[in-house]
Asker: 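Below are the structure tokens for one structure; questions will follow.
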Amino acid sequence: MSFTTPEIAWAPLTPLLIVLGASAVAILVESFVRSPETRRRTQLVLSLVALVGAAGAAVVQWATLDGAGTVVLDGMLTVDRQSLAWQVLILVFGTLGTLLFASRTRAGEEAFTPLGASAPGSSDETLARRKGLQVTEVFPLALVAVGGMMLFTSVTDLIFLFVALEVFSLPLYVLVALARRRRFLSHEGALKYFLLGAFSSAILLFGAAFLYGATGSTSYAGVAAGISSSTGTDALILAGAVMVVVGLLFKIGAVPFHSWTPDAYQGAPTPVTAFMGAATKAAATAALLRVMYAALYGLNWELSWLFWVVAIASMLLGTVVALVQTELKRMLAYSSIAHAGFILVAFAGLPDTALSALPFYLASYGLATMGAFAVITQVRERSDEGTVLGEATRLGQWAGLGKRSPWLAGAMALFLLSFAGIPLTAGFVGKFVAFSAAISSGAWPLVLVAVIASAAAAFFYVRLIVLMFLTDVPEGQEDAIEIDYSPLARTVVAVTAVLVLLLGIVPGPVLSAFENAGVLLLGAGG
Amino acid sequence: MLDLTWLLIAVPLASAAFLLLAGKRADRWGHWVGVGASSAAFVVGLVALIQMLGLDSEDRAHAVHLFTWIPGGELNLDAGLLVDPLSMTFVMLVTFVGTLIHVYSVAYMEHDASRRRFFAYLNLFVAAMLLLVLADSYLLLFVGWEGVGLASYLLIGFWNHKPEYATAANKAFVVNRIGDIGLILAMGLMFTYFGALDFGSVFAAVPQASTAQLTAIGLMLLVAACGKSAQFPLQSWLGDAMAGPTPVSALIHAATMVTAGVYLIVRSAPIFEGAPAAQTTVAAIGAFTLILGALIGMAKDDIKKALAASTMSQIGYMMLAAGLGPVGYAFAIFHLVTHGFFKAGMFLGAGSVMHGMNDQVDMRRFGALRTAMVTTWVTFGLGWLAILGVPPFSGFWSKDKIIEAAFIGDDVQPWILGGAALIGAGLTAFYMSRLFFMTFHGKARWTDEQHPHESPALMTVPMIILAVGSAFLGLILATGDRFVTWLEPVTGHAEHGEPVLPAAVIMVATLLLVALGAWIAWRKYGAADVPETAPAASLATIAARNDMFQDSVNRGVFERPGTHLTRTLVYADAALVDGAVDATAHAFARTGEVTRKTQNGQVRSYALTMVVGLVIVILVVVQGGL
Amino acid sequence: MDPINFVILASILFAIGAAAVLLRRNAIIAFMGVELMLNAANLALVAFSRMHGEIDGQIMAFFVLTVAAAEVVVGLGIIIAVFRARQTISLDEPAELKG
Amino acid sequence: MFPILTVMVALPALGAVLLWALPGGARARAREVALAVTAIELVLAVVLFAQFDMSAAGSFQFSETYAWIPQIGTSWALGVNGIGLLMIVLSALLTPLAILAGWWEDKDDSRRTHYLALILLSEAFMIGIFAARDVFLFYVLFEAMLIPLYFLIGSFGGAQRRYAAVKFLLYSLAGGLIMLVGVVALYFQGPGGDQAFLTDNLTGLDMSTTAERLIFLAFFLAFAIKAPMVPVHTWLPTVAENARPGTTALLVAVLDKIGTFGMLTLCVALFPEAAHWAAPVIILFAVISVIYGALLAIGQKDMLRLVAFTSVSHFGIMVLGIFAFTQTSVEGAAFYMFNHGLSTGALFFVVGFLIHRYGTADVTQYGGLQRVVPVLAGTFLVIGLSALALPGLSPFVSEIMVLVGAFSAAKVAVIVSAVGVVLAALYVLLTYQKVFTGPAPTGKRAKVRELTRRERIVLWPLIALMLLLGFLPGIAIDAVREPAHDIVATVSSQEAGA
């Protein structure tokens, strides 16, 4: 048995390597830099440099891409414009998320507990805070998650898919548990997220095993070949395909695999919610796209009803339950479930156009999500004694925000309008291209359901706008809310707001970029 | 001057606009501007008339092009005037009687703070009425038609601080609008069948049209005419319209506007010629209304309402005549003109009485006024003789001809129409005599505060002029069939059929009936004492006093169901239509409330959801795939 | 022995693991159910590897083992944190996030 | 060529930005600024009208086309035919009047500035919509306009204004989003490419019957909601009742015309077969709207709701005219769109003035005002008479054109609609009676202010214009004749083909 050194094309992996390498460095930093303040600054700078550098590298890759793309690591990874587009997107979300992680500036006002392992209110924690300990492991964790997600968008092998999934999920589970305030909720969210996440990973893995068993290959190309060559339809293939898809639908947050979403969104520290909401959905969509187009395209007919049913269920459930929410983060979580439905609308029928429509949709959705949660980090409650507490996430607390802080409220309104898909925001163009994709494959009834859901969904987005702009601050509650002013978070709000507007008014360049990305190297169909 | 006939409309219109916009500073002299405008119109009309008389009869129709009105692709319509003997007749009637009434009003409205506005409305009316009769197309006619309706509305409601007067004004407008539907639909039919709305094109296209088409148009025109001319079943507004100041009643609701329906029918003669059924309906409506009006007139104690009922009845005569075809057109218009004089005169007389009696209108509180107001008595008396049809006064010449014409025809029709006209003459004699005797003869039944006195010259002079007209106009115009010949270019030459009874018999019978009616009235109301309050009466009298329960019928058939319908709809709109919207919203919310229960916080049930979902999906996919 | 039996066994194990997650209130046991599911997948991979007569599946099993180990670390960490805060590891207890 | 339409869209938008940018102190002058901007806009509109070549009113003039998002086939394409021209003139005319009408509405400078900026923004959107020659652009503006309107309704007005705003928004969005499905579907029927959404490229498409009908319905529903037709009208009374009269005036007089405008220029022009197919049912609903709206108007106590319902009735007439597809009825409908703007705009303004005096829209609280404020009474009456289409005023010409013109195509519909003529008299005159007739008010209510000069400047030009167009309607009909002809020709070619 001879051993051949695998040929690895390193260059296309540069962005990925930068991020993963930086995460390794960050762990070292975590171990060896003693001063909390220095450590925090170092971590932040390192993360930003890595993420921005990786994004730059990805753009360079894009520009210098040889033909349609490169297959790396013996078919495990494929770097083409599609994956680069997603990687850039995830890097953008990562960068913005990192800024949010670092945003709390007032001493002791960070979102994360300094000592994740300690019990809330315990003497350990009090001590840690008195010592000025600051949590800095969130930065390496985030870097690992970003790396995992980037990997996730590019993998073309089922086992690697599982590995990438775990690589980005595990840090997220930890991040969710790290909220400084409302630790119980944070723990609870993390526990649920973790348990269900692991559960769904197992399902995905088992499905992968079935596909391997039925086709004798774990690479997408091999699976696709196996599917097309199998005479009749193999139950093993079908069961395996469904399980893989279900594992990914879990990450997208589609009904009935959505249950973790509201709890994790609400429990997690808001910066984590922002990052997770935007990036996970994008990564999972990218992975689902590639699995469907590169591996399971032959099962299009068999699986399309699944997308129809799940899409409709997600849109309706997400919308109607969001209607009755009074907790802001939870409302946005249900809104994200509805958006998962919209994503699947574009999927149904697997039209070519979905390959360029979905990156745009996720870009618009992700930016608005980042922005909205960034705004939430800035609105804090205040106790009767005047101490600033956690974020004010009860809807009623936002009454009159337009008067307290017109710009912040205006930005929030913009994000909400984008969610609702009102023209001149990115969300509208996103909906337009997604619906176009669906209609091009004949799924117009699905689109009809989608627009009805959108119209109903507008109600709860608008309700918040009503509260912010058309309702006065309740009598005697003038001091109950503190508007935080964190330059980093404000930067995130400003950048996302501008991008949401730009993508809504002049989406041309981005659209055409994604149009270029709409071709898969090694696509099984289309 | 014929080309300047647009001045007839423009001058009063400008005056109306001026008076409305001038404001308080014109209060002192504004009414003279109104009188001046009306007189100016009369002068223009008179000059035009003289000029027209100088022309050969076939050249007397003169078209005046004003401007391009509607330049639609298919509906192309110019605003233009048609000056011919028919319209000229109306011009003279309207401007002459109108001017007299303007003058009368100067005194009558002297103490009203809003006299300027009153004259503005009167001018507006004159302009609109002249537009109505001069228009050369149905659409332009409609402008005048609605214009007079508006003026009528404004003037009936002139004292609208009394709520019932405001209601009367509304009623007049709304009932007229019901008639307007007829005119609108008639225009729709004409445009559909003929592609035009101007008289020239429509009449030119008539020969090619089917009888059914013409009948439809004719009936729709009749609906319009019924509304404006207070013919059955749209007569209910006229009595209430007496809420307006008396000069208004004289001008609009006796002499001119209410006769516009007759004008419309006569003007549309070519259409009716092709639609015998429509024509018969016109006549039947006329006959019915003339009896109905007479019966109502017999029971009324309010002098103005009795006169209004009489107007209705007299217009019934005109309608009847107009429905007889070419035979009757000229007589219809003839009677219209004479009626314009004597009825206006009587209304002015009534106004004079009210003026002297502190606005009392109940005839049971009058009596023996002949001594207190001699001029009024004499002038009113001449009008009375005229309407009775006593030779040689005006009414005799016109009404007798109509009765005679009504007896022309085949089958039972002449007997019914003629009989109605004949009986109507008797009834007219009774109720008009009753009115006359109750007011001017018998014992004085005045209350203590009333000191009847004659009206000032500004009021009596117009009354005298109209009385002279009432006395002699018929004779003048009837001599040598002058009026019939004058109208012949418009109405066409009519071959006189023979009445089913000899003309002499008809005339004698008429006169006998008239004498009988007057005699009964004298016995009951002249010679005998008239109770000061209305005595209990038979059912028939009660019905007549209540306008044959027309208001009750309207209320029962339209108003109440309408109110209920409106209320129901308002409720339904809120509860059902809007309710459905709210219900949808609530349904969404309730679904949300129910659905959120599935998110129960228990991680194991979440996992169960996933597993169940997964199993179902696998089963379906695998089953479907195999 | 026919490798397909191993696949059937793997499926049974997978189902048992899933049942453990669904039925057991103890977080650690539920978590062990998940691990059992992963190992069921491993068994399937190895069995299929054997069926196809190549070693890809077996290599993958190693990957899975590694990942599972990492998962255990994270999972236990979270469970311990919950325990410290609440003094219980019942899955039914933390149920404040709902609706 | 000077891009006058783009300038006309941009000017009010920039005006709005300018207002928002005004520092606190300068906000006291916000009204003057807004008025100046809209006055310039009006001048531009007059220039537009003067420069418009009436002999070619059927074709788009002042056309501008710039690439916007070529990736999805849409361009910034503006241009007006006769109908669009009239609508733009109407928008430019009513906006400054609305500003004048609400001159004293706000005590607070900052609030007022917001209000005016939103008004200006709405104007920009309206003009953009009426000038859009690209379906996507039309749609984007159509939907985006909801936002300033939403704030106009929700921030400024009566007690239930928030409810009204949300209702308005959800109604409009529901229609708009279904239209979006139609827009997307239309794209796939069209030629595609960089200018896929240009109306020129979408006219006369060879679509399958089913596709055409479905897309038509998607478009129509949105427009039916906008031009409130029964049974999707209930947002309008709520909004009218709660929004400011000035806002409602703009909303009903101009913005709702987008509904009928869209029916004319998109529904019928792009989907003639489907329009022809749907016409009987649409006419049925139009007639129901005419009668239903009028009956409900009669039953209202709140004058603003009343006027709203009269509009439902009037929109029914317009829709009847459009879908009767005769030259005269379509001309009449298009002309009516303009006239109804003048008439209803004036009606809302004058009702607003009454409310300003009495503090209530409840008609039963009024009475006998004619004795106190005769000029106001007279002005109200004339405006009311325009609403019942009295001859001499321009709404009459258009209404009669619709009724007479539609008769050949839809006899029963016209006959039933004619009943609306009577009902119109009832709702107008009963209102006049309740407010102005009867015994003169006493006490505090006797001291009602007569129509002020500013109020006359708002109302009288509208009356003058209605009178002018009542006698010389050709000024406007010239603009709509050719477009109407094209529309009728397109549809009747379908009829011939069918």
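Because the structure is predicted, anything quoted here is derived from the model rather than measured. In the text below, chain A, chain B and the rest are named by the order of the sequence lines, each starting its count at 1.
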Asker: If I take atom CZ from residue B:Phe588 and atom OG1 from residue A:Thr319, how far apart are they, to the nearest 0.5 angstrom?
Answerer: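 Taking CZ in B:Phe588 and OG1 in A:Thr319, the distance rounds to 7.5 Å.
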
Asker: Would you mind checking which part of A:Phe460 comes under 4.5 Å of any heavy atom in chain B, side chain (CB onward), backbone (N, CA, C, O), both or neither?
Answerer: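 Neither part; nothing is under 4.5 Å.
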
Asker: Looking at chain B, which one of A:Pro256, A:Ser259, A:Ser200 has the largest number of heavy-atom pairs inside 4.5 Å, strictly under?
Answerer: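 Max contact count across the listed options: A:Ser259.
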
Asker: Which residues in residues 607-618 of chain B have any heavy atom lying under 4.5 Å from a heavy atom of chain A?
Answerer: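 Those residues of residues 607-618 of chain B which have a heavy atom under 4.5 Å from chain A are B:Ala607, B:Thr609, B:Met610, B:Val611, B:Gly613, B:Leu614, B:Val617, B:Ile618.
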
Asker: If I measure from the heavy atoms of chain B, does A:Ala456 come under 4.5 Å with its side chain, its backbone, both, or neither?
Answerer: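 The side chain, not the backbone.
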
Asker: Do B:Gln599 and A:Arg330 have side chains that get closer than 4.5 Å, going by heavy atoms?
Answerer: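 Yes. Closest side-chain heavy atoms under 4.5 Å.
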
Asker: By number, which residues in residues 560-576 of chain B have some heavy atom less than 4.5 Å away from chain A?
Answerer: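 Within residues 560-576 of chain B, no residue comes under 4.5 Å of chain A, counting heavy atoms only.
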
Asker: Taking every non-hydrogen pair under 4.5 Å, which of A:Val321, A:Val320, A:Val245 racks up the most with chain B?
Answerer: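 It is A:Val320.
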
Asker: In Å, rounded to the nearest 0.5 Å, how long is the span from CG of B:Leu619 to CG of A:Leu238?
Answerer: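 Output value for this atom pair is 12.0 Å.
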
Asker: Nearest 0.5 angstrom please: B:Thr591 OG1 to A:Leu316 CG, how far?
Answerer: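 The distance works out to 9.5 Å.
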
Asker: Measuring heavy-atom distances to chain B, does A:Phe250 have an atom under 4.5 Å in its side chain, in its backbone, in both, or in neither?
Answerer: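 The side chain, not the backbone.
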
Asker: For chain A, which of B:Arg596, B:Arg590, B:Arg604 has the most heavy-atom pairs under 4.5 Å?
Answerer: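 With the most close heavy-atom pairs to chain A, the winner is B:Arg596.
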
Asker: For A:Phe257, is it the side chain, the backbone, both, or neither that has a heavy atom closer than 4.5 Å to a heavy atom of chain B?
Answerer: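 Contact with chain B is through both the backbone and side chain of A:Phe257.
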
Asker: Locate the shortest heavy-atom distance separating A:Ala235 from B:Val622; write the atom from each residue and the value.
Answerer: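 Smallest interatomic distance, heavy atoms only, reads CB-CG1, 3.8 Å.
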
Asker: Might you point out which heavy atoms bring B:Val621 and A:Glu302 nearest each other, and give the distance in Å?
Answerer: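 In this case the closest contact between B:Val621 and A:Glu302 is CG2-O, 4.2 Å.
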
